[in-house]
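In the text below, chain A, chain B and the rest are named by the order of the sequence lines, each starting its count at 1. This structure is a prediction, so every number in the text was calculated from the model and none was measured.
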Amino acid sequence: MLVIKNLTKIYKGTTKGITDISLHIQPGDIYAFIGHNGAGKTTLLRAVTGIHAYDEGSVTIDGLDLAKEPVAVKQRIAYVPDNPDIYEFLTGIQYLNFISDIYGVSTADRESRIAEYAKAFEITDALGDLVSGYSHGMKQKLVLISALIHEPKLLIMDEPFVGLDPKAAFLLKEYMRKMTEQGCAIFFSTHVLDVAEKLCNKVAIIKQGRLIADGLMSEVVKDRESLESLFMETAADNQ
Amino acid sequence: MSAFLPFIKLELRNLFGINVYRHTKNPADKKRRTLLLGTIVLLIVMAVGYLTAGAYMCAKIGIGRFIPFFYTIAAAAIILFLGILKARTCLYRERDRELLSSLPIRSLSVASARLVRMYIEGLAVAVVVLVPTLTVYAVWMKPGASFYVCAVLTILLVPILPTAVAAWIGILFAAVISRMRHKVLAEVVLVVIVVIGGLLLPAVFTGGNAFSVNLSTLSESSGKTKAERDAEVMAKLSAEAGRVMDKMESSMPVVKTGVKIASKNVHATLGIGLASLVVLLLTAMVIGRNLFAISGRLAPSSVHREYRPSDIRQRSVMASLVSMEAKRYTSIGIYIANTIVGPVLMVGMAICLGFISSAKLAEKTKQIPIKVYPEAAFPFLIAMVVCVMSITASSVSIEGKNRWIPWSLPVASETIWDAKLLFNLLVLAPFYVITEIILLFTVRADAAARLWLLLIPLVYCTFSVVFGLWCNLKFPKFSWENATEVVKQSAAAGVSMLGLFAAAIPGLLVCVAPKRFTNLSCALAAAVIVAVTAMLYRKIRRTKLTDLN
């Protein structure tokens, strides 16, 4: 589904970024991406979604090269950013309509999906309100609905659980499982290591812009007590 | 007032973007900001040049004693005008209640710090206007020591009263807007009234004392040498200037008193300054009393009406993108106000031109020593006003924190640029049509002139839209807190405005070309603008979204 080969992206005028990252995410994978603040998680996710250009390497999604066919690639993915900065001048329903138009979701499909997701995330009543009046959690729910509405083959999320109430967080995990059962792949960054360990079958750990571990969760964690223990070991190496 | 100092530090750090310029580590951002700074410095140097020349001219034609008073009034008027435009957004910020009301501070400290910021911005204007002009006065008129004390006091004190008056108007605007359901519309209407009023007011004030010198007898065919003609021009200007000034002094006591005070009366200058300071302090107290209440009402609120799924329908990608541009545009008052004045003035210009008879125009232009054909400039005059500020010049930067949305959507970069161009053209379209209808019924012209009246504004409208977007793609600014930073103070906005002024040059050339070449020169001017527009459009389509990160 998603093949990242030797990807390098260094921000101009700095030494920060990501270096020589390779990953392979297959349909049905729920891939956790963990690392310290500033390690390069958001940079990688944004490079993979076509938001940032990259210096070297390649990103292939569903067999299509992101650099050569960005529109076709983006049509297959959905991205949930770390901050739900969405158009505050639109109402919730206008935003969902806009996203549906862009992805070409039919009127019938969008009607049923909006009704289903909005009801599940309990924001149906607020869909007619301006996004500027939404709380952080409501904006996050709206972004999640907009990511699910066009049934992407690959869902990329940056800290998706931040700001969600417990019920919404539970629902999101359920949707993630359901989507992967249907062949979708999910790649997301998180600091909630318990969730990552329980939910994901694979994990990648990034440190100072380089991958230091990746693969099946059981193989990466090995005989350690938990993913948290492994992460704390990498933190100790830092000092 | 213990919080005053931290807040004034905060305001001053934010002033002119200096703090961000100092600390930004992004070389592209640094380069953009350096260019903006360079443009501002260039504009200041040009302004100082014009002001010095103007003051020198006043001294040369014998009205030098009026320089301190008139330029002080001019500085105050500019500070007042600019102050009114930004007072509302500078004093009352929509997130104040959320960000500040939980802090252990008095709102008076915040209000005072913001007024000081407005004062310092006014002081910058006063320095630019008064230092060169008062220097000319000092060199030419050789005043006594009291003038120098007066000059320093004037520069320091003149921004106070206009700042206070602008703040009161800001309070009024905020109070009105905060009570309106359609806040954006209310703000646009108020700002457009201020801008058009600001443009018309000088004409109202000078109307009774029009300065008119007939120089038509001074053309090269008059048989006089250049030196003789120059001497005669100066004599005529001196006589006319003296007549106007005497009339103003005798009919307006405030002018007479003002001239005396501005040039040497230290006590009166100080007294006016102190009285202004009292007014400013009172203003701070009034703002402080209602700061959080009004700011809270200005902030968008969540109503949670019960949503009924009725407005779900599928549209094309382009229609959806244009509709989104429209919704964003209509949600930002300062964006509309800044870009709608040009099209409104285009219609106004058509009305004016429609009612000026050719005979009257010919009479007026007799005063110009070279032969000009003002009718040839009609299409360009109409075209130029609409070019003052295009929507596209801010349409990329205005994406701000939301830019991850278009960047991550499955839409080609050129489709997004086309949507922005199309939306701007759609906004201009009704103004263009109204302008052309007015011209059709009011201006008498032959078929060729009619064609140019139709084509030239169309060509310039398209150019302004494409050039604006090109500027914004060259100088994007995504990191901003207030839309004013993008719409009014960004490098793209400044460069696009300068470039559009340069586009006026073909109009001037057409105006001075011999009459038999009017059609040819109009065609050439249009062809040049079309060619430049096409070239810029190709460059725009080659720009990728990822090039802008």
So which heavy atom on [X] is nearest to which on [Y], and how close?
X      : Y      : value
A:V105 : B:Q314 : O-CD, 3.5 Å
B:W404 : A:N83  : NE1-O, 4.4 Å
A:F89  : B:K327 : CD1-C, 3.5 Å
A:G50  : B:T546 : O-CG2, 3.2 Å
B:A412 : A:V71  : N-CG2, 3.4 Å
B:R313 : A:R110 : O-NH1, 3.1 Å

Find the distance between [atom1] ([X]) and [atom2] ([Y]) and round it off to the nearest 0.5 Å.
X      : Y      : atom1 : atom2 : result
A:E88  : B:S331 : CD    : OG    : 9.5 Å
A:T107 : B:R315 : OG1   : CZ    : 10.5 Å
A:N97  : B:S320 : CG    : OG    : 7.5 Å
B:L548 : A:I51  : CG    : CD1   : 13.0 Å
B:M324 : A:Y87  : CE    : OH    : 3.5 Å

Report, as yes or no, whether the 6.0 Å neighbourhood of atom [atom1] on [X] holds more than 12 heavy atoms from other residues, nucleotides or ligands.
X      : atom1 : result
B:K401 : NZ    : no
B:K474 : NZ    : no
A:Q26  : CD    : yes

Using non-hydrogen atoms and a 4.5 Å limit, figure out which bit of [X] sits close to chain B: side chain, backbone, both or neither.
X     : value
A:I77 : neither
A:Y95 : side chain
A:L96 : neither
A:L90 : side chain

Would you mind checking which part of B:I332 comes under 4.5 Å of any heavy atom in chain A, side chain (CB onward), backbone (N, CA, C, O), both or neither?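 No part of B:I332 comes within 4.5 Å of chain A.
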
May I ask you to test the [X]-[Y] pair for a side-chain heavy-atom distance under 4.5 Å?
X      : Y      : value
A:F98  : B:I405 : yes
A:I102 : B:L321 : yes
B:L409 : A:K74  : no

Among A:A115, A:S135, A:G104, A:S106, residue most engaged with chain B (heavy-atom pairs, under 4.5 Å): A:S106

Please check if the side chain of A:D101 supplies one atom and the backbone of B:V317 the other of a donor-acceptor pair under 3.5 Å. no

